[in-house]
Amino acid sequence: MVQVAGEAVPALRIRCGDVLYTVDPAEAPILLGRELPSQIRIDDPRVSRVHARIDVDGDHWVVTDAGSRNGMFVDGQRIDSVDVLDRATVRLGHADGIAVTVTVDEAAVGASTAVDVARAGAAVSDRREELGHPRRRLEADGVIGQQALADFESGRLWPSDEVRARLEQFLQWPPGTIAAVRAGAPVPEDDSTEILSDTVQVAVMVDAADLALANVRSRIETAPPQHDPTYDEYVSALLFDLRGLETMARNAGRTIHRPDAAVVLSEIRRTYNDLMVRAAQAPGAPLSRRLYAVRHTAELTVEETADAAGVSADAVTDAEAGQYVDPTETAALEALVRRLAAR
């Protein structure tokens with residue numbers, strides 16, 4: 001099972017220029033850069049394709065340089081990373097470069113918002129206008145407030161699971177459609193206004209997930225060589241996308257309650273596992289990937305791995321998620337990885 005870290009960590013507000021994003025820990029890592037796979041994109045020639053990474057480290061957020069050419073700066077000094085305990089401002093590409101301000105949002109703990117929702121929001125806007133419904137109609141019907149809908153449609157807000165479910169019902173879309181569109185699936189082309197049957201809903205969800213998964217698999221096949229300096233950030237982006245797909249498929253399965261959803265979820269997890277095992281063989285692969293790979297190859301559970309290393313199960317989970325682990329426990333896990341890899 002893919003582990004998602006940081007569920008108890010507060011949400012984070014990210015201001016880049018005039019645009020404000022709010023992200024939930026479950027959506028980490030967030031990539032900043034000039035081009036895809038960065039979710040927050042910055043149009044500046046000094047900014048690398050993937051320039052910086054915002055992730056959860058233990059009980060707090062951290063901003064890390066992703067191996068950029070021109071670096072990341074705080075107060076004029078080039079740095080590799082900065083912990084976000086309250087608020088921090090980093091500049092990308094130059095000491096006077098693009099400012100990115102990150103602020104811990106204690107009030108938004110557990111919120112489900114996202115950084116790359118413009119595509120899904122635009123699809124909702126198009127469908128709403130196609131059906132002839134003004135925003136005030138959705139507010140009056142208790143679906144979503146006008147301002148929240150405007151924020152979603154403009155890409156500034158990711159609605160909660162409950163709100164997305166109400167939106168999909170109002171727009172006469174199958175459950176899971178909005179999350180699937182966000183993950184890269186095509187927007188449903190349905191000129192009718194009849195609510196689709198459960199069978200059709202499942203078919204649409206499965207097709208959308210299959211298309212998004214096929215896109216990820218295609219990118220896996222065109223990954224740079226493992227010795228390439230860009231390999232790590234490339235794989236990190238693929239793993240991020242697969243975690244997002246897993247969340248989408250899992251949520252859809254809870255709504256639909258059909259075996260088809262389990263099949264899709266299984267394929268996503270199999271792809272994630274295969275990629276982790278392959279990435280663990282790269283030079284300088286982090287402990288998170290090497291531990292995950294040897295544990296799954298040895299068919300050990302988290303608890304069995306913890307017992308073998310003499311550490312807590314939380315230490316195994318945190319290590320595989322790339323979070324901070326006590327040096328003594330890290331050493332024990334490294335020793336276990338070497339022992340299992342030598343089999």
Side-chain angles (χ1 to χ4, degrees), residues 1-10 12 23-31 53-62 64 66 81 83-84 109-110 216 220 226 231-247 249-251 262 265-343:
M1 177 177 178
V2 179
Q3 301 290 343
V4 178
E7 294 181 354
V9 178
L12 189 73
V23 297
D24 186 88
E27 295 167 320
I30 306 301
L31 304 180
R53 172 191 178 104
I54 302 176
D55 206 348
V56 173
D57 184 5
D59 60 355
H60 66 281
W61 292 88
V62 61
T64 306
S81 66
D83 292 328
V84 185
V109 174
V216 173
I220 290 174
Q226 291 184 337
Y231 180 79
D232 183 71
E233 68 180 44
Y234 190 95
V235 168
S236 294
L238 291 172
L239 293 170
F240 173 84
D241 289 347
L242 285 168
R243 286 194 294 270
L245 266 180
E246 189 211 19
T247 300
R250 188 172 62 245
N251 290 341
L265 187 58
S266 174
E267 288 297 319
I268 293 169
R269 287 177 174 167
R270 183 177 294 111
T271 302
Y272 184 94
N273 291 343
D274 290 345
L275 180 58
M276 283 287 276
V277 171
R278 184 187 308 182
Q281 300 169 1
L287 174 63
S288 57
R289 294 176 191 166
R290 291 183 287 112
L291 176 60
Y292 185 99
V294 297
R295 181 171 70 79
H296 280 76
T297 300
E299 298 184 352
L300 297 175
T301 66
V302 168
E303 291 74 17
E304 290 166 346
T305 303
D307 290 341
V311 301
S312 66
D314 285 344
V316 175
T317 300
D318 289 345
E320 290 188 356
Q323 296 190 38
Y324 173 81
V325 177
D326 178 84
T328 301
E329 293 182 313
T330 297
L333 289 170
E334 286 281 11
L336 177 63
V337 167
R338 290 193 296 272
R339 178 69 181 84
L340 291 175
R343 291 175 60 246

Closest non-hydrogen atom pair between Ala319 and Leu333, with its separation: CB-CD1, 3.8 Å

Interatomic spacing from CG in Leu291 to CD in Glu334 - rounded to 0.5 Å: 8.5 Å

Derivation and outcome, salt bridge (Lys or Arg N to Asp or Glu O under 4.0 Å), residues Arg295 and Glu304: CA-CA 9 Å; Arg295 181 171 70 79; Glu304 290 166 346; over 6 Å; no

Reported CG-to-CG distance for the pair Asp326 and Asp318, which is rounded to 0.5 angstrom: 11.5 Å

Ala285 backbone acceptor or donor facing Arg290 side chain under 3.5 Å: yes

Test item: Thr330 side-chain N/O and Val325 main-chain N/O as donor-acceptor pair under 3.5 Å: yes

Minimal non-hydrogen separation, Val235 against Ala279, with atom names: CG1-CB, 3.8 Å

Gap between atom CD1 of Ile54 and atom OG of Ser81 - 0.5 Å precision: 12.5 Å

Test item: Arg289 and Asp232 side chains (from C-beta on) under 4.5 Å apart, heavy atoms: yes

Pro25 backbone acceptor or donor facing Trp61 side chain under 3.5 Å: no

Gap between atom CD of Glu267 and atom CG of Leu265 - 0.5 Å precision: 10.0 Å

Residue pair Asp57, Thr64: steps toward the side chain to side chain contact (heavy atoms under 4.5 Å, CB included) verdict: CA-CA 11 Å; Asp57 184 5; Thr64 306; over 6 Å; no

Glu320 side, atom CD; Thr305 side, atom OG1 - distance, nearest 0.5 Å: 7.0 Å

Side chain to side chain contact (heavy atoms under 4.5 Å, CB included) between Leu336 and Val311, worked out: CA-CA 11 Å; Leu336 177 63; Val311 301; over 6 Å; no

Side-chain touch Thr271/Ile220, heavy atoms, less than 4.5 angstrom: yes

Main-chain N/O of Arg278 paired with Gln226 side-chain donor or acceptor, under 3.5 Å: yes

Residues forming a side-chain contact (heavy atoms from CB on, under 4.5 Å) with Ser266, sequence neighbours excluded: Arg270

Heavy-atom check, side chain of Thr297 versus side chain of Leu340, under 4.5 Å: no

